[in-house]
Trainee: 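My questions will all concern the structure given below.
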4 protein chains.
Amino acid sequence: MGMKIGVYKVAMDSPGDTSKLENLIRNGEIDPEKIIACIGKTEGNGGANDFTRKLATLSYQLMLSRYIGKEQSETIVFVWSGGTEGVLSPHATFFTRNDDEMDELDNNVPGLAVSIQTTADIPAEHIGRMPMVIEVAQAAKKAMTDAGVSHPEQVHYVQVKGPLLTPTHLREAAVSGKELVTKDPNLSKGFARGAMALGVALALGEIQETDLSEEIINKDMSLYSSVASTSAGGEMTNCEVILMANTNKGSGPYSIGHSVLKDAIDTSGICQAIRNAGLDAINIPTVEQQNQIVAVFAKAEASQEIRGWRTTMLSDADIHYERHARAAVGAVISSITGNSGIFVSGGTEHQCPPGHAPIACIVKKNVD
Amino acid sequence: MGMKIGVYKVAMDSPGDTSKLENLIRNGEIDPEKIIACIGKTEGNGGANDFTRKLATLSYQLMLSRYIGKEQSETIVFVWSGGTEGVLSPHATFFTRNDDEMDELDNNVPGLAVSIQTTADIPAEHIGRMPMVIEVAQAAKKAMTDAGVSHPEQVHYVQVKGPLLTPTHLREAAVSGKELVTKDPNLSKGFARGAMALGVALALGEIQETDLSEEIINKDMSLYSSVASTSAGGEMTNCEVILMANTNKGSGPYSIGHSVLKDAIDTSGICQAIRNAGLDAINIPTVEQQNQIVAVFAKAEASQEIRGWRTTMLSDADIHYERHARAAVGAVISSITGNSGIFVSGGTEHQCPPGHAPIACIVKKNVD
Amino acid sequence: MGMKIGVYKVAMDSPGDTSKLENLIRNGEIDPEKIIACIGKTEGNGGANDFTRKLATLSYQLMLSRYIGKEQSETIVFVWSGGTEGVLSPHATFFTRNDDEMDELDNNVPGLAVSIQTTADIPAEHIGRMPMVIEVAQAAKKAMTDAGVSHPEQVHYVQVKGPLLTPTHLREAAVSGKELVTKDPNLSKGFARGAMALGVALALGEIQETDLSEEIINKDMSLYSSVASTSAGGEMTNCEVILMANTNKGSGPYSIGHSVLKDAIDTSGICQAIRNAGLDAINIPTVEQQNQIVAVFAKAEASQEIRGWRTTMLSDADIHYERHARAAVGAVISSITGNSGIFVSGGTEHQCPPGHAPIACIVKKNVD
Amino acid sequence: MGMKIGVYKVAMDSPGDTSKLENLIRNGEIDPEKIIACIGKTEGNGGANDFTRKLATLSYQLMLSRYIGKEQSETIVFVWSGGTEGVLSPHATFFTRNDDEMDELDNNVPGLAVSIQTTADIPAEHIGRMPMVIEVAQAAKKAMTDAGVSHPEQVHYVQVKGPLLTPTHLREAAVSGKELVTKDPNLSKGFARGAMALGVALALGEIQETDLSEEIINKDMSLYSSVASTSAGGEMTNCEVILMANTNKGSGPYSIGHSVLKDAIDTSGICQAIRNAGLDAINIPTVEQQNQIVAVFAKAEASQEIRGWRTTMLSDADIHYERHARAAVGAVISSITGNSGIFVSGGTEHQCPPGHAPIACIVKKNVD
């Protein structure tokens with residue numbers, strides 16, 4: 001009744017390049033039937049007109065449908081962040097889950113367990129509001145059970161992807177008179193991210209339902225989850241939860257850890273996430289340790305200044321501030337891990353203390 | 001007959017902001033008569049249409065001319081690099097030199113010495129060619145003598161700024177029939193940087209005159225200086241050399257070191273430059289050590305890949321590859337030094353082995 | 001008691017290039033003592049980090065101070081718009097005014113008259129509010145009198161430049177408890193532009209004081225001036241008004257007209273402004289007529305669609321929508337006038353009906 | 001033995017939006033079996049990292065394969081240009097051809113005829129060289145015959161799309177020792193465009209085979225076709241020719257014309273193309289005439305200056321010069337035609353005299 005999780009990071013020569021994954025399938029290194037999720041970076045601009053994410057999902061679905069059929073290929077959850085600024089490398093990390101192979105964990109060393117859960121469709125009037133919080137909390141609780149979580153602190157990363165308000169929603173609400181959280185689609189993105197993060201916090205007991213109300217969403221930033229990473233997109237109608245934890249159900253060679261970045265150049269936060277995942281790394285890891293780091297998921301936020309020195313991210317009219325932030329945070333993490341295939345995205349509402357950013361890290365455990 | 005060098009890094013709220021330096025002057029912390037050079041970053045795009053460098057020079061000259069007169073203010077050498085991508089912070093590092101204050105160095109601990117030298121005007125037909133190499137070599141040799149250099153390895157940083165071919169040069173050459181190194185102003189920039197770097201290498205004995213000929217400039221990249229940092233600008237008619245070395249003439253509290261970055265995320269190269277400057281830093285420096293790091297000068301180059309993983313710097317039509325490179329290298333250095341007032345510029349012809357980038361670092365020596 | 005207005009459009013090779021104007025001064029074509037204003041375009045990005053405007057003002061002031069002294073050079077009003085997208089050409093249009101030369105206008109043909117007026121400093125708590133409206137209205141009224149305006153319809157262009165809320169204002173207000181129109185510096189820009197435009201409308205009788213209240217500023221867009229063009233900048237402390245009208249006091253060869261652009265490709269609006277200025281142009285002007293068009297001042301606004309077809313200006317994360325809008329409107333106007341030295345800027349609050357944009361045009365009258 | 005050509009311009013809400021075409025199919029307005037080609041604009045950046053073109057082709061192929069099968073959907077020729085700067089609107093113009101419906105043209109009024117032809121695969125060593133010229137010439141000749149062209153002047157637009165040199169080509173050539181036209185993939189794009197345009201010129205008798213040799217390709221720019229429009233892409237292995245002409249075989253309501261733009265603001269060139277297509281338009285067309293303009297295909301080139309006034313397209317490090325050029329030319333054409341669904345792309349080698357740009361226009365003929 002356990003699960004063996006596989007983690008496969010593949011490079012992408014373009015957002016439509018699926019050849020590296022297909023090679024793994026053809027070589028028998030990965031069983032396409034077992035793929036449950038993909039988290040990756042594409043080389044778009046990360047903005048509203050970044051269509052590389054859609055091209056990547058479409059391309060992988062088309063390729064995979066030749067092996068596992070159209071229907072099953074569409075059950076795989078794809079999470080893309082656009083924007084590979086600086087040294088960041090376009091890539092996709094695929095997760096497989098094999099429930100059959102599971103051996104009983106006799107040595108009591110917990111391993112990485114992953115659970116995918118989805119909510120019902122979120123109607124427009126619930127987006128960015130308490131019902132969305134509750135829906136996500138329920139899905140996250142299901143995921144915890146499925147992953148074998150016995151204590152919330154076993155959970156290190158909960159990626160949630162859900163809907164935002166689209167122009168269509170706004171037009172329909174104008175007709176029907178339904179009240180929405182905001183009339184600005186861009187603002188709705190932040191509300192959705194915030195509500196989903198609070199849902200995770202609620203599921204994990206980081207906050208209590210009594211702490212919550214419509215009014216505190218994206219207002220009271222002292223409420224947050226330390227392990228949520230949420231994103232909102234116009235193509236979504238419901239929420240998809242990818243929960244990662246170290247549990248006794250997880251029988252593979254991987255474990256996960258997390259920490260927080262206090263600013264964009266916080267090397268100690270990165271090192272702490274690596275140690276939290278199980279590597280005995282003091283300061284910058286050795287090359288051997290770097291090779292054990294399989295995946296890093298982080299958020300990057302622009303800031304007016306870093307340790308008292310002004311940055312120009314937010315006043316630059318040529319390059320969007322998110323691109324500045326990803327370039328910096330991505331390079332710093334890459335310099336510690338020795339690998340630039342790093343997942344860095346933006347928007348940290350209720351996912352950490354204000355000004356900070358969450359980071360999670362999967363490592364291959366030492367084999368002795 | 002020694003010199004006391006002062007190093008003052010000031011923030012800039014905009015390319016026209018000279019208030020932080022003026023405050024130091026008013027407070028008596030810096031004697032404007034002693035200022036010899038300024039090396040800094042401005043928040044432009046770093047490209048052909050970056051006019052922030054000119055605004056910064058003009059603004060500082062105007063402010064300083066109120067204290068030291070127009071004529072003397074125009075003798076100060078200003079070296080600006082445009083582009084504060086990612087966490088990089090707009091700033092200016094001013095250097096003062098006081099030849100009067102010099103005490104005899106009785107403890108035989110060499111200190112930072114700085115010498116400024118200029119060449120005669122370089123005619124268009126010499127730009128990027130052997131006569132430019134020779135002119136720079138002669139100026140660098142004069143600077144070595146002036147700085148009290150007894151062994152070339154005392155020299156850690158030679159910043160040279162000189163002319164490139166402008167459209168005016170090309171028009172005049174078309175009329176006069178003079179042959180130029182190239183007809184492309186943009187290409188001439190690289191030739192000028194390369195020739196000036198070879199001039200430094202020649203002065204320091206890193207290469208011999210017999211190694212040199214017109215043909216090898218920007219061709220034979222096995223010839224280089226390890227301490228040159230060169231830049232070319234359309235506003236220059238001659239070359240300006242700023243040479244920094246640790247010598248017995250240098251009586252202040254600073255020393256300088258250098259190293260090479262093997263790629264954009266080479267933390268060990270950064271740490272080595274810091275150690276080379278005299279800090280006993282293993283791995284990432286402590287906060288106390290970070291506070292002793294006064295200035296860092298580095299170059300950043302775009303690359304197709306980093307340790308086997310593709311980057312998108314060179315195929316991005318939205319953000320120039322130099323901006324990607326500076327964002328990454330600047331963030332990595334800042335994460336090690338704990339300060340984002342870092343000088344990072346581009347173009348490494350004959351300034352290091354191909355694919356690498358030079359880095360120099362000034363530290364305040366331990367006071368016991 | 002009349003005035004002869006001179007209009008001189010000069011190209012600029014860079015934001016610091018003042019050579020074309022200096023040539024006119026040296027050739028005796030323009031008397032620097034008579035220069036009262038400059039309206040021009042610089043090749044920056046037009047955003048918060050566009051420092052080309054400051055460089056241009058500083059450079060012209062420095063050059064002119066050699067001819068007319070520092071003090072007088074600083075009385076000249078400079079209005080710059082950054083951003084020369086598409087075919088737009090960096091240039092400056094200088095206005096001279098000679099009150100001595102004035103002949104009595106015996107032929108009853110009104111000519112271009114220009115008056116510069118300034119307000120007192122606008123305290124932060126008045127920016128974007130009724131007191132700013134009133135101040136601008138008073139200055140505009142003074143300018144009307146000075147320019148010899150007998151009927152408001154003689155006025156065709158009122159350029160007003162004034163302060164916005166800066167971070168410093170916000171900090172001080174937080175301490176003093178003064179209430180400001182907004183806490184967002186970017187939003188304050190629009191409030192300031194709107195308040196100044198309402199001031200012009202009030203002076204001209206386009207709206208009545210009874211129409212006005214704090215609440216309608218940037219809310220009730222049915223109130224507007226048809227001839228105002230306003231801009232706000234962080235460097236301003238008071239408002240500067242440049243009023244242009246055809247009056248009997250105007251004795252030179254120029255006249256001015258205006259119209260409105262209904263969308264970014266409204267050729268008929270452009271042609272109408274040209275005809276309104278006095279050229280008998282049906283459809284696209286002839287080359288002879290194009291040569292009589294001396295200056296064009298227009299605003300450009302981004303829009304989601306043009307005549308039912310979607311644009312991507314507002315969803316493009318790489319190029320700011322103002323740059324898209326200026327590129328389009330600038331090219332269309334240039335194609336009608338045959339000259340790309342066109343002044344196009346952004347922000348039309350209370351300067352025309354919503355979705356429209358104002359345009360004014362100065363022509364050299366037919367000499368028979 | 002004639003053909004009825006249908007022309008259907010559909011808007012696109014995103015590069016993956018195929019709903020407008022699908023609506024036409026469902027409504028029975030367009031027979032998907034008859035679609036032969038699509039020429040359109042997508043909202044990418046138009047550069048090497050513009051993946052919107054691929055997404056658009058993939059999305060239309062997927063949608064159409066549900067109606068006409070995968071195989072036939074892949075026979076449709078898709079020509080996309082990325083970049084909808086300024087007012088340009090993302091759209092696709094689909095062409096249908098019905099050979100059955102053909103009536104004999106009894107009134108001797110020629111109508112629009114379209115022929116699609118393809119060449120054999122072009123090996124790397126032939127790309128940008130004489131064999132490519134010859135291959136395209138042969139395909140264009142076949143297209144002329146197929147379209148019923150009796151005189152070359154009946155041909156108004158020949159869109160050719162073919163291969164360029166990819167990094168893979170270069171690697172293979174390094175191994176095999178095959179000599180290529182250039183080692184720079186970006187330069188090969190221009191050589192390919194030039195060679196294909198010369199092929200069209202040869203087929204149409206605009207130049208003679210004796211004029212041609214390897215050496216003149218992209219060198220002797222006095223040789224050109226007035227009706228070619230060529231583009232090169234890394235995804236192509238052979239060349240696809242879309243030839244449009246007014247012939248007696250063309251029985252539909254459309255006719256085509258062409259002209260040349262002498263610069264980016266050449267309204268007379270645009271009007272001439274419209275008249276050449278059959279509309280009796282003096283100067284700017286009336287709204288009725290604008291409604292008869294069905295499609296416009298133009299090229300845009302950046303230039304250092306327009307009629308003596310400097311532009312900043314080529315020195316702007318933030319926005320690529322092709323984007324500046326498309327924004328300007330697209331807006332000017334849209335202002336004449338009253339519609340911003342205009343096809344504007346770049347690269348005019350051998351497609352017009354140097355500095356000029358070709359333009360073609362399809363109109364719906366007057367029905368009386």
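Throughout, protein chains are lettered first and strands after them, A, B, ... in sequence-line order, and every chain is numbered starting at 1.
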Trainee: Does atom CD of B:Glu29 have more than 12 heavy-atom neighbours, drawn from other residues, nucleotides or ligands, at distances under 6.0 Å?
Mentor: yes
Trainee: So with a 6.0 Å cut-off around OH of A:Tyr321, is the heavy-atom count from everything else above 12?
Mentor: no
Trainee: Side chain of A:Arg310, backbone of B:Met12: donor and acceptor closer than 3.5 Å?
Mentor: yes
Trainee: When only pairs under 4.5 Å are counted, which of B:Ala300, B:Ala264, B:Ser268, B:Gly338 shares the most heavy-atom pairs with chain A?
Mentor: B:Gly338
Trainee: Below 4.5 Å, heavy-atom pairs only: which of B:Arg326, B:Lys9, B:Glu305 has the largest tally toward chain A?
Mentor: B:Lys9
Trainee: What distance separates B:Asn45 CG from A:Ile319 CD1, expressed to the nearest 0.5 Å?
Mentor: 8.5 Å
Trainee: Relative to chain B, which segment of A:Ala11 carries a heavy atom at a distance below 4.5 Å: side chain, backbone, both, or neither?
Mentor: both
Trainee: Rounded to the nearest 0.5 Å, what separation is found between the CG atom of B:Asn283 and the SG atom of A:Cys271?
Mentor: 8.0 Å
Trainee: Quick one: are B:Arg323 and A:Asp318 in side-chain contact, heavy atoms under 4.5 Å?
Mentor: yes
Trainee: Side chains of B:Val87 and A:Ile265: does their closest heavy-atom pair fall under 4.5 Å?
Mentor: yes
Trainee: Any idea which heavy atoms bring A:Gly341 and B:Trp309 closest together, and the distance?
Mentor: CA-CE3, 4.4 Å
Trainee: Does a side-chain heavy-atom distance below 4.5 Å link A:Thr312 with B:Pro90?
Mentor: yes
Trainee: Specify the closest pair of heavy atoms between B:Ala327 and A:Ala327, including all atoms of both residues, with the distance to one decimal.
Mentor: CB-CB, 3.7 Å
Trainee: Going from CD on A:Glu85 to OG1 on B:Thr311, what distance comes out if it is rounded to the nearest 0.5 angstrom?
Mentor: 11.5 Å
Trainee: In this structure, are over 12 heavy atoms from other groups packed under 6.0 Å from B:Lys262 atom NZ?
Mentor: no
Trainee: Rounded to the nearest 0.5 Å, what's the gap from CD1 on A:Ile282 to CD1 on B:Ile282? Could you check?
Mentor: 14.0 Å
Trainee: State which residue, out of B:Thr267, B:Ile284, B:Val332, fulfils the side-chain contact (heavy atoms from CB on, under 4.5 Å) condition with A:Thr267.
Mentor: B:Ile284
Trainee: Name the region of A:Asp266, side chain, backbone, both or neither, that has any atom closer than 4.5 Å to a heavy atom of chain B.
Mentor: neither
Trainee: Side chain, backbone, both or neither: which part of A:Thr337 has a non-hydrogen atom closer than 4.5 Å to chain B?
Mentor: neither
Trainee: Please report the closest heavy-atom contact between B:Ser315 and A:Glu43, naming both atoms and the distance.
Mentor: OG-OE1, 4.4 Å
Trainee: Is the shortest heavy-atom distance from the side chain of A:Asn339 to the side chain of B:Arg307 under 4.5 Å?
Mentor: no
